[in-house]
Amino acid sequence: MSNTVIVGAQWGDEGKGKIIDILSKDADYVVRYQGGNNAGHTVVVAGEEIILHLIPSGILHKNKICVIGNGVVIDPQALLDEIEYLRCRGIKVKNNLRISRNAHIIFPYHKILDKLREEKFRKTKIGTTGRGIGPCYTDKFARCGIRIADILNKKVFKEKLQCNMREKNEVFRRVYKHKTFSFRATYDQYLKFAKKIEPFVCDCAYLLNDALKAKKDILFEGAQGTHLDIDHGTYPFVTSSNATAGGACVGSGLGPAKIDKVIGVIKAYTTRVGEGPFPTEFSAQLLKQIRNRGKEFGATTGRPRRCGWFDAVIGRHAVIVNGIETIAVTKLDVLDMMPKIKICVGYKYKGKVFRHFPADIEILWKAKPIYEEWPGWMEDITRTKYFSKLPKNARKYLERLAQLLETRIEIISVGSERNQTIFI
Ligand code: IMP
């Protein structure tokens, strides 16, 4: 299968979980490289919905090594809960799960800071998942973060946590007028977590490079999406990691020349959770229709997702910044009963036409989409197995998407089950 990176080409929630699950079948290693339990990957197996937040979807297949790379931030409680959730469903989580020694850890103060910052800066609120992701990455880049390796060394952990908590408690007290955290309680709790996590710990870069030497195939599971990427997304309305394909190398310890292929996952329309510009966002009537048909509610927070037409400007941007070779178009069936379907091919702002993704946030907020209108197919495609059997208008729609994105469609998803998938 080769070493493949799967990335979301929109604002996350593209249906990556299902595509990763299908492709993991042919991989030996499945690796998460960024984000944390802000992600929610939904996989439907034999009618049962399984939602994963931290552990790679490969865990649902036998004989796969699932790796949480150094680029991921880990909330130990969430991790242990997820292991338990899987075990309760009869899914083995033992030496098939490996966790990088270099991954950073989320502490209770990160989660509180996440919420307090959102409340304090209401006007520029990001709409975070409140999982402490941003504050944890902030510490990582401020070089005061605490990694798995650190909590496994009592002395190092004690020094680092004391130092961090002195500073954080000062911020809680003075800036937010919030109650402070007790060092002892946090230290003891995280030492207990460390004991439980230790059996899974690995040296991720060595593990993966050895796997390559042994001719194993590695699948990289991107979380969130290109436009939530800290560098390439709709900054500042983004997450705090590199969700794009480049993040796979940095977040795992594998060199770029070892990546063979990048597959972009893109919904047949667009959704976004949280705040930030969304040029093709629907008005109330269409929103209700698509949100209900597509079950567009966040897998992590349950928040209703914002929905809109397919935006080829952001799609094309994703193709470029990720080096996407082929795409998987998901949720095509959600558009089954739409008599007319629009595709955004550019933006217009102050008389100027933008075909490229503009970095100026004001343009993104205020630009009017330039639409093409395509006839719908008005029939149920959820049982279709081959591209040639799709209604003519569905094929034309897909062909237009591929043309606009200058890429090839490899997979089409027409339902949430594994077998509702068309391979081209
Ligand atoms: P954070 O990652 O919790 O800091 O949230 C930052 C932004 O990314 C918010 O708009 C979230 O709604 C969004 N976000 C984070 N994770 C996901 C995801 O897995 N899917 C969709 N949006 C997400």
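Reckoned from all heavy atoms, side chains included, excluding hydrogens, waters and symmetry mates. Just so you know, residue 1 is the first one in the sequence shown, and it goes up from there. Indexing begins at 1, ligand by ligand and atom by atom, following the structure's order.
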Please say whether R303 places an N or O atom under 3.5 Å from an N or O atom belonging to ligand 1.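 In this structure, R303 places an N or O atom under 3.5 Å from an N or O of ligand 1.
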I'd like to know if E275 and R306 make a salt bridge, using a cut-off of under 4.0 Å between side-chain N and carboxylate O.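 No, E275 and R306 are not salt-bridged.
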[atom]: the protein heavy-atom neighbour that sits closest, reported with distance to 0.1 Å:
atom                    : result
atom 5 (O) of ligand 1  : T128 CA, 3.3 Å
atom 17 (C) of ligand 1 : Q224 CG, 3.5 Å
atom 3 (O) of ligand 1  : T129 OG1, 2.6 Å
atom 10 (O) of ligand 1 : V273 O, 3.2 Å
atom 2 (O) of ligand 1  : T239 OG1, 2.6 Å

Is the Lys NZ or Arg CZ of K342 less than 6.0 Å from the centre of Y371's six-membered ring, within 45° of the axis?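 Ring-cation test returns yes.
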Among F172, Y187, Y190, whose ring pair (Phe, Tyr, Trp, His ring centres under 6.0 Å) with F181 holds?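 In the set F172, Y187, Y190, the residue that makes a ring pair (Phe, Tyr, Trp, His ring centres under 6.0 Å) with F181 is F172.
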Of the side chain and backbone of [X], name the one, both, or neither that has a heavy atom under 4.0 Å from an atom of ligand 1.
X    : result
L228 : side chain
V238 : backbone
F237 : neither

Mind checking what makes ring pair (Phe, Tyr, Trp, His ring centres under 6.0 Å) contact with Y349, not counting sequence neighbours?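 For Y349, no residue satisfies ring pair (Phe, Tyr, Trp, His ring centres under 6.0 Å) once neighbours in sequence are set aside.
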Flag the pair H227 / F357 as yes when their ring centroid distance falls below 6.0 Å, and as no otherwise.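 That pair passes the under 6.0 Å test.
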Could you check, using the six-membered ring where one of them is a Trp, whether W11 and F278 have ring centers closer than 6.0 angstrom?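 Yes; F278 has its ring centre under 6.0 Å from that of W11.
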Can you give each donor-acceptor pair under 3.5 Å made by side-chain atoms of residues 104-111, sequence neighbours left out, with the distance rounded to 0.1 Å?
unit_1: H110; atom_1: ND1; unit_2: F107; atom_2: N; d: 2.9
unit_1: H110; atom_1: NE2; unit_2: D139; atom_2: OD2; d: 2.8
unit_1: K111; atom_1: NZ; unit_2: D75; atom_2: OD2; d: 2.9

Quick check on K195: does its NZ atom have over 12 non-hydrogen neighbours (other residues, nucleotides or ligands) under 6.0 Å away?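 No - once you tally the heavy atoms of other residues, nucleotides and ligands closer than 6.0 Å, there are 12 at most.
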Among G127, A39, G40, which residue places a heavy atom closest to atom 9 (C) of ligand 1?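 Comparing heavy atoms across G127, A39, G40, the nearest one to atom 9 (C) of ligand 1 lies in G127.
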Does R131 have a heavy atom less than 4.0 Å from any atom of ligand 1?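 No, R131 has no heavy atoms under 4.0 Å from ligand 1.
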